[in-house]
Participant: 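Here it is, the structure in full.
FYI, side chains are in, hydrogens and waters are out, and symmetry mates aren't considered; it's all heavy atoms of this structure. Proteins get letters first, then strands, A, B, ... in listed order; numbering begins at 1 in each.
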There are 2 protein chains.
Amino acid sequence: MSFDASEVSAALAARGLRLTRQRRAVLDAIAAAPCSQSPLQVYDAAREQCPELGLTTVYRTLEVLDEIGALRRVHGDGHCESFVPAGAEHGHTVVCSGCGRVTEFTACDMRGITDAAALETGYRITDHFLQLTGLCAGCGTRDDQPRRDR
Amino acid sequence: MSFDASEVSAALAARGLRLTRQRRAVLDAIAAAPCSQSPLQVYDAAREQCPELGLTTVYRTLEVLDEIGALRRVHGDGHCESFVPAGAEHGHTVVCSGCGRVTEFTACDMRGITDAAALETGYRITDHFLQLTGLCAGCGTRDDQPRRDR
DNA sequence: CTCCTTACTGAAAAGGGTTTTCACTTTCAG
DNA sequence: CTGAAAGTGAAAACCCTTTTCAGTAAGGAG
Ligand SMILES: [Mn+2]
Ligand SMILES: [Mn+2]
Ligand SMILES: [Zn+2]
Ligand SMILES: [Zn+2]
């Protein structure tokens, strides 16, 4: 499932759910942001397109989108309540420590690492969560590092 | 900084902080658990050793331990508020999906993956967060998978 | 040992994000 | 149309976390 109006719509329909005006506003708000957003930030952004939207609906929509796999949760310092569209079926996230921009990448050959971890711990590894931090093209070339706080 | 009474004590002293009876109870509770624990779980466990302990002190102690690098935060489904002792300076965590047991591993050659991600995204990668899921030795051999909910 | 400063503590209150409730509206199949 | 089910926003309830505050423990100086 990737983050795309028609795909999301289909995934919703398959569960007997509907793509309402409010849900579309939430979807658009998430798609438009270069950074991950908290529920409140999504709410603020989506209200520009649908002013009568309620915060409750944002929470409900985020939950639905998460269930159908259209969202990726970004792991931050001590909290995981900010979201980004899931572009690919299996992808991971890079967060820019300069500007907060979030980009997805799909290259992930974990073979070597999971084998080593299995050997070291005795676990049979079945899944992985990986998130990278770095500097985006824009921030990496500047000498000053604009530093953002989340 | 690794999770060890004398090391923690030294790290605290270096900041003019003290290793009180309450903090020791919290420390012991965290060290003893095979799984990651929420602040409330730490509180309950630590009170067996120090019944007059307050929840507030648990939060304050977790914060201090986190600052000196004695804790690892475990990333769960939608929240990151459960803790595990940090055994090594740089280590990662494997969580058993059967019983919840958490084990640390240190093998992590990310070179290949970060290079691929850099190429794909244009970011200069500076750090990584990795957490594996799997079945521990005890759960992996059983046919039934006891399933725990967090 | 006594005095004094600073760290530390728990209870209670405040805070703030999330979920639940509820009356009402929208959508859609028959 | 009509009935059933999904969806909605405001308000209330919830629950986890932080702050406040008055008091307690600890450690250095003398
Ligand atoms: Mn992967
Ligand atoms: Mn590593
Ligand atoms: Zn997380
Ligand atoms: Zn950037």
Participant: Starting at atom CG of A:Leu40, determine the distance to atom P of C:dG15, rounded to an integer number of angstrom.
Facilitator: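 Going from CG in A:Leu40 over to P in C:dG15 covers 18 Å.
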
Participant: Return the polar atom pairs (N/O with N/O) between nucleotides 21-30 of chain C and the protein under 3.5 Å, or none.
Facilitator:
residue, atom, partner, partner atom, Å
C:dT27, O2, A:Arg18, NH2, 3.4

Participant: Scan side-chain atoms only and decide if B:Gln22 and B:Thr61 contain a donor-acceptor pair under the 3.5 Å cut-off.
Facilitator: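 There is no such pair between these side chains.
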
Participant: Can you tell me if the side-chain N/O atoms of B:Arg23 get under 4.0 Å from OP1 or OP2 in C:dA7?
Facilitator: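 No.
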
Participant: Rounded to the Å, how far apart are B:Glu52 CD and C:dT9 C1'?
Facilitator: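 Distance, rounded to whole Å: 10 Å.
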
Participant: What integer distance in Å separates B:Leu17:CG from D:dA26:P?
Facilitator: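 About 15 Å, once rounded to whole Å.
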
Participant: Which residues pass the side-chain hydrogen bond (donor to acceptor under 3.5 Å, both in side chains) test with A:Arg60, not counting sequence neighbours?
Facilitator: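 side-chain hydrogen bond (donor to acceptor under 3.5 Å, both in side chains) check on A:Arg60 returns nothing, list empty.
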
Participant: For DNA chain C, whose closest nucleotide is more 5', that of B:Tyr43 or that of B:Leu19?
Facilitator: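 Mapping each residue to its closest nucleotide by heavy atoms, the 5'-most match is B:Leu19.
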
Participant: Whole angstrom is fine here: how far is it from CZ in B:Arg15 over to P in C:dA7?
Facilitator: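 Distance check: B:Arg15 CZ to C:dA7 P gives 13 Å.
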
Participant: D:dT18 C1' sits how many Å from A:His79 NE2, rounded?
Facilitator: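 Result: 16 Å.
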
Participant: Only counting residues at least two apart or in another chain, list the ones meeting side chain to side chain contact (heavy atoms under 4.5 Å, CB included) with A:Ala118.
Facilitator: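 Side chain to side chain contact (heavy atoms under 4.5 Å, CB included) list for A:Ala118, sorted by chain: A:Ile125.
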
Participant: Mind calculating the distance between CD (A:Glu81) and P (C:dG17) to the nearest angstrom?
Facilitator: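 Result: 11 Å.
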
Participant: Could you note down all residue pairs passing salt bridge (Lys or Arg N to Asp or Glu O under 4.0 Å) where residues 21-40 of chain B supplies at least one of them, sequence neighbours left out?
Facilitator: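 Non-adjacent pairs meeting salt bridge (Lys or Arg N to Asp or Glu O under 4.0 Å): B:Arg21-B:Glu52.
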
Participant: Rounded to whole Å, how long is the line connecting atom CG of A:Asp44 with atom C1' of C:dG17?
Facilitator: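 One finds 14 Å between C1' of C:dG17 and CG of A:Asp44, rounded.
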
Participant: Could you tell me which residues satisfy salt bridge (charged side-chain N to carboxylate O under 4.0 Å, His left out) with B:Asp77, sequence neighbours excluded, listed by chain and number?
Facilitator: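 With neighbours one apart ignored, the set is empty.
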
Participant: Report the residues that fulfil ring-ring contact (aromatic ring centres under 6.0 Å, His included) with B:Phe105, sequence neighbours left out, ordered by chain and then residue number.
Facilitator: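 Testing B:Phe105 for ring-ring contact (aromatic ring centres under 6.0 Å, His included), a comparison that skips the adjacent residues, returns B:His92.
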
Participant: Rounded off to whole Å, could you give me the CD-to-P distance for the B:Gln22 and D:dT24 pair?
Facilitator: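 Result: 14 Å.
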
